[in-house]
Amino acid sequence: MITAASCSSSLLPSLQSLPGFLFKSRTFFYFHQIQNPQRFCKLFTQKRFHNALLSPQSSVQFPSHPNPDILLSYLISAVSSCSSISYCRAIHSCVIKSFNYTDGFIGDQLVSCYTRLGRADDARNLFDEMPNKDLISWNSLISGFSRRGYVDKCLDAFFRMKFEMGIETNEVTLISITSACASRGAVDEGKYIHGFALKLGVLWEVKLVNSLINLYGKSGYLDAVCRLVETMPVGNIVSWNLMIASHAQNGTAADGVGYFNLMRRAGMNPDDGTVLSLLEACENLGLQKLAEGVHGLITKCGLYANATVATGLLDLYAKLGRLNYSLKVFGEVNNPDKVAWTAMLAGNAVHGNGREAMELFEGMVKVGVEPDHVTFTHLLSACSHSGLVKEGKNYFDIMSQVYGIEPRLDHYSCMVDLLGRSGLLNDAYELVKRMPLKPNSAVWGALFGACRVYGNIELGKEVAERLFSLDPSDSRNYIMLSNMYSAAGLWRDASKVRALMKEKGLIRNPGCSFIEHGNKIHRFAVGDRSHPESEKIYTKLEEVIGKIRGAGFVSKTEFILHDVEQAVKEDMISKHSEKLAIAFGLLVTNAGMPIIITKNLRICGDCHSTAKLISFIEKRTIIIRDSKRFHHFAAGICSCGDYW
């Protein structure tokens with residue numbers, strides 16, 4: 001029989017190796033004899049010990065200890081690693097049997113543990129049982145609710161603390177509530193806390209002001225952000241970072257870069273938060289030269305070893321069309337984590353490199369990095385963009401069978417897209433009908449896109465009705481149905497859909513193409529003549545169109561979905577925005593540089609064929625990112641293999 005004397009720290013490893021004997025025994029555990037805290041914590045994280053606690057026959061308790069506070073502190077530290085609330089409740093019950101846990105410090109730890117696991121009611125009940133609650137106790141409760149985003153519970157605790165108990169709040173209380181408001185976009189509640197802080201006279205506290213800047217910035221109140229910064233006595237690096245991020249997230253990324261320059265002139269050195277905000281600004285501006293400048297800043301400031309920063313950089317390069325730069329950055333990351341692997345895989349997916357994405361996935365698994373649901377979303381997307389039906393089905397199966405990841409709506413959307421784009425519309429529709437989750441607009445939209453590609457009018461009408469009911473204000477669905485009718489020559493039906501759009505007040509988003517030159521983004525629309533160099537652009541466009549027609553190219557006027565004369569169709573299609581952007585790129589870039597263009601809508605078939613031939617005749621690499629993916633045109637071939 002194992003006695004208390006035998007439970008010394010030297011015997012702990014051997015006791016743990018016994019097959020369930022110690023953990024099934026009704027013997028009391030004299031843990032005060034375990035002198036090593038690390039071994040103590042390790043014991044409480046063992047699944048067999050958890051099972052023993054949950055057993056109806058369990059009589060485990062913790063007898064007296066010379067310093068019970070230290071013992072319980074170790075216990076709570078171990079409990080915090082538990083992923084199951086039942087384990088925590090079981091250990092909590094043992095604590096009740098063995099300790100007086102009414103001391104605020106110990107009770108606060110238990111409250112924090114419950115809120116961390118999302119058991120707000122349990123935390124509240126335990127908190128109400130604590131007889132001696134001070135400001136720290138209340139702040140601990142509110143902080144726990146804040147981390148879970150429970151705005152209402154934060155405010156309820158705040159009012160009880162202030163008006164029922166008469167305890168004065170401090171800046172820590174207000175920071176927690178403001179953070180919860182920021183995470184949930186609760187601006188009105190945040191404004192109330194802002195006013196309370198003003199009355200309390202604590203707006204000199206930098207952390208509190210920063211939390212308010214974060215709240216207003218995430219909610220798009222840039223004027224309020226600027227006023228807070230102007231009245232702040234002394235800002236810190238977090239303040240500057242929030243200013244940059246607020247502008248980057250609200251369509252004024254150029255102003256965010258301006259604040260970065262002001263920060264440098266103020267003598268403030270950037271940190272990883274600064275760089276991440278700048279990377280977001282670069283993505284929104286679409287300026288490759290700016291991205292290269294931030295890359296240099298990262299190297300200069302010694303932040304390259306930061307995995308989060310490196311991941312953000314490689315993700316930015318991929319989104320700007322420079323996948324080769326992304327690969328270089330990824331290759332320089334030491335021991336890339338799951339996020340870095342997934343970001344690199346996602347980059348290959350959006351560029352249509354399905355095989356490369358699969359290789360990355362296999363490499364990731366080989367080095368022991370566990371994929372998650374995001375990884376599989378991008379992996380299935382890569383298979384879809386490359387038409388890898390067999391491989392996609394396999395990954396969809398092993399996701400749940402091998403990795404225990406239940407398919408989500410994003411995964412079903414990718415699978416429907418994969419099957420639909422491969423012409424397997426019936427299979428795609430059957431998958432939608434038998435999926436255990438309610439299909440959302442992304443799932444139906446994937447099937448709708450396949451109906452458009454393959455001209456399946458009947459199924460397309462049915463899917464369109466589903467989309468109209470889910471999101472009646474999304475003009476894209478009406479436009480796609482109208483285009484399907486037009487492509488089939490059903491002009492009357494197309495006209496009815498257009499009339500319905502007009503009746504609902506829906507406006508079509510005009511097609512635009514963007515290209516960077518001279519530290520500026522140049523925008524082109526269909527038939528656009530607003531550019532200062534428009535005469536040269538149109539002259540160049542006529543020149544290259546003449547060359548490709550001389551090589552046998554014939555405009556695909558079926559992509560002009562209007563009931564007009566053939567000559568008018570040819571004129572309309574020759575002035576599409578991506579063609580104008582290509583002509584401008586040929587004029588202003590060196591022969592060895594790729595022409596990188598961004599299109600806000602899906603590239604049409606005629607522009608796709610035109611770009612292929614121009615890349616062959618002009619011996620240029622043309623990269624076009626449309627709303628779906630990247631297309632790399634070189635030597636007359638597109639990376640999508642005409643599959644998009």
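Worth saying up front: this structure is predicted, and the values here are computed from it rather than measured.
- R629 and S381 share no side-chain donor-acceptor pair at under 3.5 Å.
- Looking only at side-chain heavy atoms (C-beta outward), M364 and P371 come within less than 4.5 Å of each other.
- Taking each heavy atom of H608 and C640 in turn, the nearest pair found is NE2-SG, 3.3 Å.
- Interatomic distance, L431 CG to K433 NZ, rounded to the nearest 0.5 Å: 11.0 Å.
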Apply salt bridge (Lys or Arg N to Asp or Glu O under 4.0 Å) to the pair K547 and E543, showing each step before the final yes or no. CA-CA 6 Å; K547 287 182 180 179; E543 175 191 325; 3.5 Å; yes
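- Summarising the geometry of A382 relative to A357, their closest heavy-atom pair is CB-CB, 3.5 Å, with the distance given to 0.1 Å.
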Applying side-chain contact (heavy atoms from CB on, under 4.5 Å) to L541 and I545, what does each step give before you reach the verdict? CA-CA 6 Å; L541 181 58; I545 292 293; 3.9 Å; yes
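- Geometric assessment of R549 against the ring of F553 yields a negative cation-pi assignment under the 6.0 Å and 45° thresholds.
- Side-chain polar atoms of D271 and T274 form a donor-acceptor pair below 3.5 angstrom.
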For T621 and S615: C-alpha separation, side-chain torsions, deciding distance, then whether side-chain contact (heavy atoms from CB on, under 4.5 Å) applies. CA-CA 6 Å; T621 297; S615 72; over 6 Å; no
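- Between the N394 side chain and the K390 main chain, no donor and acceptor come within less than 3.5 Å of each other.
- Under a 3.5 Å cut-off, the side chain of N250 and the backbone N or O of G217 do form a donor-acceptor pair.
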side-chain hydrogen bond (donor to acceptor under 3.5 Å, both in side chains) between S577 and R523, worked out: CA-CA 9 Å; S577 63; R523 175 185 178 277; over 6 Å; no
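- Counted by atom type alone, D626 and N600 present zero donor-acceptor pairs between their side chains at under 3.5 Å.
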Let's go through K319 and V350 carefully: what are the C-alpha distance in whole Å and the side-chain angles of both, what is the deciding distance for side-chain contact (heavy atoms from CB on, under 4.5 Å) to 0.1 Å, and is it a yes or a no? CA-CA 8 Å; K319 289 175 178 175; V350 77; over 6 Å; no
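- For the pair L587/E533, no side-chain contact is recorded, criterion being any heavy-atom separation below 4.5 Å from C-beta on.
- Between R492 and L490 the shortest side-chain heavy-atom distance does not fall below 4.5 Å.
- The closest side-chain heavy-atom distance from V497 to Y485 is below 4.5 Å.
- The closest side-chain donor-acceptor pair between T598 and R625, if any, does not fall under 3.5 angstrom.
- When only modelled atom types and interatomic distance are considered, S530 and D528 share a side-chain donor-acceptor pair under 3.5 Å.
- The backbone N or O of A494 sits nowhere less than 3.5 Å from a side-chain atom of S486 that would complete a donor-acceptor pair.
- Ring geometry for H631 against F633 counts as parallel: the plane angle stays under 30°, on a 0 to 90° scale with 60° as the upper cut.
- Of the N and O atoms on the side chains of H411 and T377, at least one donor lies less than 3.5 Å from an acceptor on the other residue.
- Between L297 and V275, the shortest heavy-atom distance links the atoms CD2-CG2, 4.4 Å.
- When ring centroids are compared, Y304 and H295 come within the 6.0 Å threshold.
- Dense packing is recorded around NZ of K612, with more than 12 heavy atoms of other residues, nucleotides or ligands lying under 6.0 Å away.
- A heavy-atom distance below 4.5 Å is found between the side chains of W341 and V367.
- Residue R322 holds its CZ atom at 11.0 Å from CZ of F630, rounded to the nearest 0.5 Å.
- If you run side-chain contact (heavy atoms from CB on, under 4.5 Å) between F361 and each of T342, L345, N348, only L345 comes through.
- Side-chain N/O atoms of H632 and S639 include no donor and acceptor closer than 3.5 Å.
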Checking L314 against M344 for the side-chain contact (heavy atoms from CB on, under 4.5 Å) test, could you report, in this order, the C-alpha distance in whole Å, the side-chain angles of both residues, the deciding distance, and whether it holds? CA-CA 7 Å; L314 72 86; M344 195 66 252; 4.1 Å; yes
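- A salt bridge links K579 to D606: at least one charged side-chain nitrogen sits closer than 4.0 Å to a carboxylate oxygen.
- In this pair, F524 and H531 present their aromatic rings parallel. The plane angle is below 30°, not in the 30 to 60° band.
- Not a single donor-acceptor pair under 3.5 Å links the side chain of N426 to the backbone N or O of Y429.
- Closest non-hydrogen pair, K540 versus A583, comes out as CG-O, 3.8 Å.
- Not one N or O on the side chain of D427 forms a donor-acceptor pair closer than 3.5 Å with the backbone of L419.
- A 6.0 Å sphere centred on CZ of F514 holds more than 12 heavy atoms belonging to other residues, nucleotides or ligands.
- A cation-pi contact, defined as under 6.0 Å to the ring centre and within 45° of the axis, is absent between R498 and Y478.
- In this structure, the separation between CD1 on I595 and CD1 on I623 is 10.0 Å, given to the nearest 0.5 Å.
- In the displayed structure, N324 atom CG is contacted under 6.0 Å by more than 12 heavy atoms of other residues, nucleotides or ligands.
- Side-chain contact between V443 and L447 is absent, with no heavy-atom pair separated by less than 4.5 Å.
- Residues D493 and S495 bring no donor and acceptor atom of their side chains to less than 3.5 Å of each other.
- In terms of heavy atoms, S473 sits closest to L506 at O-CD2, 3.5 Å.
- Counting only distance, with no hydrogens or angles, the side chain of E516 and the backbone of Q288 share a donor-acceptor pair below 3.5 Å.
- More than 12 heavy atoms of other residues, nucleotides or ligands sit less than 6.0 Å from atom NZ of K338.
- Residues F376 and F396 keep their aromatic ring centres 6.0 Å or farther apart.
- Within the 4.5 Å cutoff, side-chain heavy atoms of L586 are placed close to those of V544.
- Using modelled atom types and a 3.5 Å distance limit, the side chains of T375 and D372 yield a donor-acceptor pair.
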Could you give me the CA-CA distance, side-chain angles and deciding distance for D474 and R476, then say whether salt bridge (Lys or Arg N to Asp or Glu O under 4.0 Å) is met? CA-CA 6 Å; D474 190 343; R476 295 173 299 177; 2.8 Å; yes
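- Taking OG1 of T308 as the start and CG of L279 as the end, the distance is 11.0 Å to the nearest 0.5 Å.
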Candidate pair K393 and D397, rule salt bridge (Lys or Arg N to Asp or Glu O under 4.0 Å), full reasoning: CA-CA 6 Å; K393 287 181 176 180; D397 290 339; over 6 Å; no
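- For S413 against A442, the heavy-atom pair with the smallest separation is OG-O, 3.3 Å.
- No donor-acceptor distance shorter than 3.5 angstrom exists from the side chain of S422 to the backbone of G387, with no hydrogens or angles considered.
- With hydrogens and angles disregarded, a donor-acceptor distance shorter than 3.5 Å links the side chain of T589 to the backbone of G585.
- Taking the six-membered ring for Trp and thresholds of 30 and 60 degrees, F584 and H517 have ring planes more than 60 degrees apart, a perpendicular arrangement.
- When side chains are defined from C-beta on, L601 counts as touching K599, because their heavy atoms get closer than 4.5 Å.
- At least one donor-acceptor pair under 3.5 Å links the side chain of S513 to the backbone N or O of E578.
- In this structure, N590 contributes its side chain and M593 its backbone to no donor-acceptor pair below 3.5 Å.
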